[in-house]
Q: 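I'd like to ask you about the structure that follows.
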Amino acid sequence: MAFATILLKIERGLATITLNRPQRLNALNRQMFRELDEAFDEVAADGAARVLVITGAGDRAFAAGADIREFVDMSPVAALDFSRDGHRVFRKLETMPKPTIAAVNGFALGGGCELMMACDIAYAADTAKVGQPEVSLGIIPGAGGTQRLSRLVGKQKAKELVMTGDMIPADEALRIGLVCKVVPAAELMAEVQKLCEKILSKGDVALRLIKEAIEAGSHVDLASGLEIEAKSWGLCFTTEDHVEGVKAFLEKRPPSFKGR
Ligand code: COA
């Protein structure tokens, strides 16, 4: 499928989506949300895509937020629908049964920060700046920012960031747990590639169950979470990958997982 606002490439197990409106700092307009929605379906369904990386075109931005130009004539009802639709698309990403990585190559603001937070893992360039600046437009985050940010960094820090609209540098985002690695900008994609290669060497079923257990477990009490883990652990013992993983260990060789 050809897209106008994003690029989608699938190569050697790795799908890469590049947000591609660099002249607007990759701001997410409605068309980009629609195209992301379709691209997420495509990646989820394509067996050749085992890990998804999302990044921004150019060297300035991952995404500088929703496209503010589209806010000018937006009615309250259209705004409600826009927010709900953004939630649906980012939730699709968050629940995609494959690992997803944000390669944050510059500004990740507003919807860009919300997109980053819907990914499983975020690595950032040392030049990146992250934040939820909506309050300066007289509005609040609408694509999950008031919910995912506090779950990631705690309520107090989330309130500070969202109430001030401050853009924080990558090292501060790392310190508060909003991204999990910061590297020199020129090395970002190589570092993300290394991470992906490690993940690609594992079995797809285990990766999927890890994601499901951590995601589902983060919204329930500990006892319920442990039960989710126990069921998933049991399920692993039905797979060929489990047989191969244990056998490879005992034979002192690297495993060769088939994702079955
Ligand atoms: N929506 C629409 N256009 C945007 C945008 C957004 N969220 N963010 C940047 N752009 C556009 C700018 O309008 C500008 O377009 P122009 O060249 O036609 O004027 C272009 O991208 C480059 O941005 P510019 O503001 O000139 O770059 P800068 O280096 O001076 O500032 C930012 C960078 C990120 C600090 C600034 O663009 C900004 O504050 N953006 C909005 C962030 C925001 O509020 N996001 C949340 C939206 S809900």
Side-chain angles (χ1 to χ4, degrees), residues 19 25-28 53-56 60-68 71 79 82-84 86-96 99-185 188 191-192 195 210-222 224-225:
L19 309 171
L25 303 185
N26 303 320
L28 297 128
V53 171
I54 302 180
T55 193
R60 295 209 58 216
F62 176 71
D67 192 321
I68 299 168
F71 294 175
F82 183 75
S83 173
R84 288 202 173 128
H87 291 160
R88 182 185 59 74
V89 174
F90 287 180
R91 185 77 182 133
K92 182 180 283 186
L93 172 65
E94 191 169 51
T95 57
M96 183 184 294
T100 58
I101 319 295
V104 183
N105 57 313
F107 291 113
L109 304 173
C113 184
E114 290 163 317
L115 176 62
M116 175 189 89
M117 291 190 288
C119 290
D120 296 320
I121 299 172
Y123 277 16
D126 55 358
T127 50
K129 286 207 164 62
V130 179
Q132 297 285 164
E134 291 88 345
V135 69
S136 305
L137 300 170
I139 59 174
I140 72 167
T146 62
Q147 304 304 307
R148 291 197 178 91
L149 187 58
S150 57
R151 284 167 168 80
L152 273 171
V153 305
K155 280 204 293 186
Q156 185 173 207
K157 194 71 200 173
K159 285 176 186 165
E160 183 196 30
L161 282 172
V162 179
M163 287 177 176
T164 60
D166 280 352
M167 301 173 193
I168 57 170
D171 58 350
E172 170 75 353
L174 176 67
R175 198 184 60 74
I176 64 174
L178 196 43
V179 301
C180 70
K181 192 166 199 173
V182 174
V183 297
L188 177 65
E191 245 349 275
V192 167
L195 168 71
I210 288 165
K211 178 163 177 169
E212 283 177 9
I214 293 178
E215 279 301 324
S218 66
H219 305 298
V220 299
D221 62 277
L222 181 65
S224 309

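Basis for what follows: all heavy atoms, side chains included, without hydrogens, waters or symmetry-related copies.
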Q: Side-chain contact test, heavy atoms from C-beta onward, threshold under 4.5 Å: evaluate it for Lys181 versus Ile121 and give yes or no.
A: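 The answer is no, as the side chains (C-beta and beyond) never meet within the 4.5 Å cut-off.
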Q: Determine the minimum heavy-atom distance between Asp120 and Pro99, stating which atoms define it.
A: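 Shortest heavy-atom contact: OD2-CA, 3.2 Å.
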Q: If only atom types and distance count, is the side chain of Arg88 paired as donor or acceptor with the main-chain N or O of Arg84 below 3.5 Å?
A: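 Checked: no pair found.
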Q: Do the side chains of Leu109 and Phe62 get nearer than 4.5 Å, heavy atoms only?
A: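 They are not in contact (no side-chain heavy atoms under 4.5 Å apart), so the answer is no.
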Q: Do you know the tightest heavy-atom contact between Gly142 and Ser83?
A: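 Distance-wise, the nearest heavy atoms are O-OG, 2.7 Å.
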Q: Taking only residues at least two apart or on different chains, which pairs with a member in residues 162-180 satisfy salt bridge (charged side-chain N to carboxylate O under 4.0 Å, His left out)?
A: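 Qualifying pairs: Lys157-Glu172, Glu172-Arg175.
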Q: Ignoring hydrogens, what is the shortest heavy-atom contact between Phe90 and Ala143? Give both atom names and the distance.
A: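 Scanning both residues, the minimum pair turns out to be CD1-O, 3.6 Å.
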Q: I want to check something: taking the side chain as every heavy atom from C-beta on, are Val153 and Leu149 in contact at a cut-off of under 4.5 Å?
A: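 When only atoms from C-beta onward are counted, Leu149 and Val153 do touch, with a gap below 4.5 Å.
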Q: With the side chain counted from C-beta on, respond yes when Gln132 and Met167 share a heavy-atom pair under 4.5 Å apart, and no when they do not.
A: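 When only atoms from C-beta onward are counted, Met167 and Gln132 do not touch, as no gap falls below 4.5 Å.
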Q: Which value, rounded to the nearest 0.5 Å, describes the distance between Tyr123 atom OH and Asn105 atom CG?
A: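 Nearest 0.5 Å value for the OH-CG distance: 16.0 Å.
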Q: Hey, are the side chains of Glu134 and Ile140 touching, using non-hydrogen atoms and a 4.5 Å cut-off?
A: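 Result no, sub-4.5 Å side-chain heavy-atom pair not found.
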Q: Can you tell if the side chain of Val162 reaches within under 4.5 Å of the side chain of Pro141, non-hydrogen atoms only?
A: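 The answer is yes, as the side chains (C-beta and beyond) meet within the 4.5 Å cut-off.
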Q: Can Ile54 and Thr100 be said to form a side chain to side chain contact (heavy atoms under 4.5 Å, CB included), step by step?
A: CA-CA 8 Å; Ile54 302 180; Thr100 58; 5.8 Å; no
Q: With sequence neighbours left out, write down each residue that passes salt bridge (Lys or Arg N to Asp or Glu O under 4.0 Å) with Arg91, or none if nothing qualifies.
A: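 Checked Arg91 against salt bridge (Lys or Arg N to Asp or Glu O under 4.0 Å); matches are Glu94.
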Q: In the structure I gave you, are the side-chain heavy atoms of Ile176 and Leu161 within less than 4.5 Å of one another anywhere?
A: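 Of all side-chain heavy-atom pairs linking Leu161 with Ile176, at least one is under 4.5 Å.
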Q: Would you mind reporting whether Thr55 and Leu19 have side-chain heavy atoms less than 4.5 Å apart?
A: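 A side-chain contact is absent here, since even the closest heavy-atom pair is not under 4.5 Å.
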Q: Which pair of non-hydrogen atoms, one from Val179 and one from Ala170, has the smallest distance, and what is that distance?
A: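 Here Val179 and Ala170 meet closest at CG2-O, 4.2 Å.
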Q: With no hydrogens and no angle check, is any side-chain donor or acceptor of Ser136 less than 3.5 Å from a backbone partner on Gly165?
A: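 It does not hold such a pair.
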Q: Give the minimum heavy-atom separation between Leu188 and Val183, together with the two atoms involved.
A: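 Shortest heavy-atom contact: CA-CG2, 3.5 Å.
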Q: Over all heavy atoms of both residues, which pair between Asp126 and Ala185 is shortest? Give the atoms and the distance, please.
A: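 Reported closest heavy-atom pair: OD1-N, 3.1 Å.
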Q: Measuring from Cys180:SG to Leu195:CG, what's the distance to the nearest 0.5 Å?
A: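 Taking SG in Cys180 and CG in Leu195, the distance rounds to 7.5 Å.
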Q: Short question: side chain of Thr164, backbone of Glu160 - any donor-acceptor pair under 3.5 Å?
A: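 Indeed, once roles are kept as given, a pair shorter than 3.5 Å links the two residues.
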Q: Could you walk me through whether His219 and Arg151 pass side chain to side chain contact (heavy atoms under 4.5 Å, CB included), step by step?
A: CA-CA 10 Å; His219 305 298; Arg151 284 167 168 80; 4.1 Å; yes
Q: Might you work through the side chain to side chain contact (heavy atoms under 4.5 Å, CB included) test for Leu93 and Leu115, ending with a clear yes or no?
A: CA-CA 9 Å; Leu93 172 65; Leu115 176 62; 3.6 Å; yes
Q: Are Arg148 and Glu114 close enough for a salt bridge, meaning some N to O gap below 4.0 Å?
A: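 Looking at Glu114 together with Arg148, the answer is no, because their closest N to O distance does not fall below 4.0 Å.
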